[in-house]
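Data first, discussion second: the structure below is written as structure tokens.
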Amino acid sequence: MLVIIFLILFLSAFIIHTKYSRSYSLFLTSLGLVYSVFQFFDLKAGNRYRIMLVTFMLFLFVNPFGSNTGLLKSSFLFVLFPVILVNGGVNSRKIIITLLLIIVPFSFIEKINAVYEDGRLYQLGKTPAHELLHPISTTQSRKLFLDKVDKEVDHLKNDGIQVYFYGNKSQILSYLYPGSALDSTSFFQTSDSLLNSDFLQQKIEGFDKAAIFFIENYPDRIQNSTLQIDQFFKESGYAKIKKKGVIYFSK
């Protein structure tokens, strides 16, 4: 009972409301890793069980290969943890019951409070008008922004103006409008990368009629666009256009 109380207090203090459920995911990974290490050095453990533990720990480190988030992505392998417990020499039934009493409720809390790159689950009740986004739901502010951009893009294309998107949060718009990515080779598209790229500058200056949306952040978060960006586009022959919450540069 003391273990349960301790875990509840620990998770409540350090896990709830963390970004992307990061702390909770790392907690699950560390739980599986620490338990496996201790069991491996247990003198009562057989060779077959040790091989199973080594394989499980190897998977914990192999799974996140290619990601720059460390062991964060290894938490998905926690689904294999009950297999490790059942095959161990400890009283797995008590441990499994204890973990279920703790992990299941907190898993629901985390999934409700920490939707990746969006608001909380109960806030996601609006679906944007674009057909490619059905039946995806998001917040009211993001839906309104996407709908406004969609209308403005249609208006610009009807006027024969080619539309392009650039910025750290422009990927969804590049997906919605094929061929509209200003730079399809870079995942990180910051203001510095735009200002310091001769290739992009020449490409922007080479357009005859174009509208470029610089989307550096989500519409419900602070935009960090600087006067340097405005000056950059101005020197390239573009005018800054503001229409009902939508900002872009037009030539």
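Both backbone and side-chain heavy atoms feed into the values below; hydrogens, waters and symmetry mates do not.
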*With Leu173 as reference, evaluate Asp150, Val149, Val153 under the side-chain contact (heavy atoms from CB on, under 4.5 Å) test and give the passing residue.*
Val149
_What's the separation between atom OG in Ser137 and atom NZ in Lys126, rounded to the nearest 0.5 Å?_
9.5 Å
_Can you confirm whether Lys151 is buried at NZ, in the sense that more than 12 heavy atoms of other residues, nucleotides or ligands lie under 6.0 Å from that atom?_
no
*Give a yes or no on whether the backbone of Ile161 and the side-chain of Asp159 come within a donor-acceptor separation of less than 3.5 Å.*
no
_Any side-chain heavy-atom pair of Phe207 and Gln162 under 4.5 Å_ = no
_Separation of Thr139 OG1 from Lys143 NZ (nearest 0.5 Å)_ = 11.0 Å
_Hphob cluster co-occupancy, Phe65 + Val54, side-chain heavy atoms under 4.5 angstrom_ = no
*Working to the nearest 0.5 Å, report the span between OG of Ser36 and CG of Leu60.*
6.5 Å
*Going from OG on Ser250 to CD1 on Ile212, what distance comes out if it is rounded to the nearest 0.5 angstrom?*
9.5 Å
*Is a side-chain N or O of Thr55 found less than 3.5 angstrom from the main chain of Ile51, in a donor-acceptor match?*
yes
*Has the side chain of Asn168 got a donor or acceptor atom that lies under 3.5 Å from a matching backbone atom of Phe188?*
no
*Is any side-chain heavy atom of Thr138 less than 4.5 Å from a side-chain heavy atom of Pro128?*
yes
*If you take all heavy atoms of Phe214 and Thr190, which pair is closest and at what distance?*
CZ-C, 4.4 Å
*Quick one: closest heavy-atom pair of Ile247 and Lys240, and the distance?*
CG2-CE, 3.6 Å
*Heavy-atom distance under 4.5 Å between the side chains of Ile215 and Phe145, does that happen here?*
yes
_Quick check: do Lys203 and Asp183 have side-chain heavy atoms less than 4.5 Å from each other?_
no
*Residues Glu216, Lys169: salt bridge by 4.0 Å N-O rule*: no
*CG on Leu28 to CG on Leu33, rounded to 0.5 Å*: 12.5 Å
*How far apart are the C-alpha atoms of Asp208 and Lys251, what are their side-chain angles, what is the distance that settles it, and do they pass the salt bridge (Lys or Arg N to Asp or Glu O under 4.0 Å) test?*
CA-CA 7 Å; Asp208 292 327; Lys251 181 180 181 180; 6.0 Å; no
*Just by distance, do the side chain of Ser180 and the backbone of Tyr164 share a donor-acceptor pair under 3.5 Å?*
no
*Donor on one side chain, acceptor on other, Ser193 and Tyr166, under 3.5 Å*: yes
*Note, Leu195 side chain near Gln228 side chain (heavy atom, < 4.5 Å)*: yes
*asked:* Quick check: is Phe38 connected to Ile84 through a chain of hydrophobic side chains (ILVMFWY, heavy atoms under 4.5 Å apart)?
replied: no
*Could you walk me through whether Phe78 and Leu31 pass the side chain to side chain contact (heavy atoms under 4.5 Å, CB included) check?*
CA-CA 9 Å; Phe78 194 76; Leu31 185 63; 3.8 Å; yes
*Which atom names give the shortest non-hydrogen contact between Tyr238 and Ile204, and what distance separates them?*
OH-O, 2.7 Å
*Indicate the atoms forming the closest heavy-atom contact of Lys148 with Val246, along with that distance.*
CB-CG2, 3.5 Å
*asked:* Under a 3.5 Å distance rule, please check whether Gln123 uses its side chain to pair with a backbone N or O of Arg120 as donor and acceptor.
replied: yes
*Treating Ile, Leu, Val, Met, Phe, Trp and Tyr as nodes and any side-chain heavy-atom pair under 4.5 angstrom as an edge, say whether Leu176 and Leu144 lie in one connected cluster.*
no
*Leu58, Phe56: one ILVMFWY side-chain cluster at the under-4.5 Å cut-off?*
no
*asked:* Taking NZ in Lys234 as the centre, count heavy atoms belonging to other residues, nucleotides or ligands within less than 6.0 Å. Is the count above 12?
replied: no
*Are Met57 and Val34 connected in a single hydrophobic cluster, I mean Ile/Leu/Val/Met/Phe/Trp/Tyr linked by side-chain heavy atoms less than 4.5 Å apart?*
no
*Straight-line distance of Gln189 CD to Leu200 CG, nearest 0.5 Å*: 8.0 Å
*Kindly give the heavy-atom pair with the smallest separation between Leu146 and Leu133, and that separation in Å.*
CD1-CD1, 3.8 Å
*Between Tyr35 and Phe81, how do the two ring planes meet: parallel, tilted or perpendicular, split at 30° and 60°?*
perpendicular
*Would you please classify the geometry between the His130 ring and the Tyr177 ring as parallel, tilted or perpendicular, with 30° and 60° separating the classes?*
perpendicular
*asked:* With a 4.5 Å cut-off on side-chain heavy atoms, are Ile241 and Phe249 touching?
replied: no
*Taking it one step at a time, do Tyr248 and Phe213 satisfy ring pair (Phe, Tyr, Trp, His ring centres under 6.0 Å)?*
CA-CA 5 Å; Tyr248 61 92; Phe213 291 75; 4.8 Å; yes
*Would you name the heavy atoms of Gln39 and Ala45 that are closest together and state the gap between them?*
O-CB, 3.5 Å
*Heavy atoms, side chains only, cut-off 4.5 Å: are Thr185 and Phe199 in contact?*
no
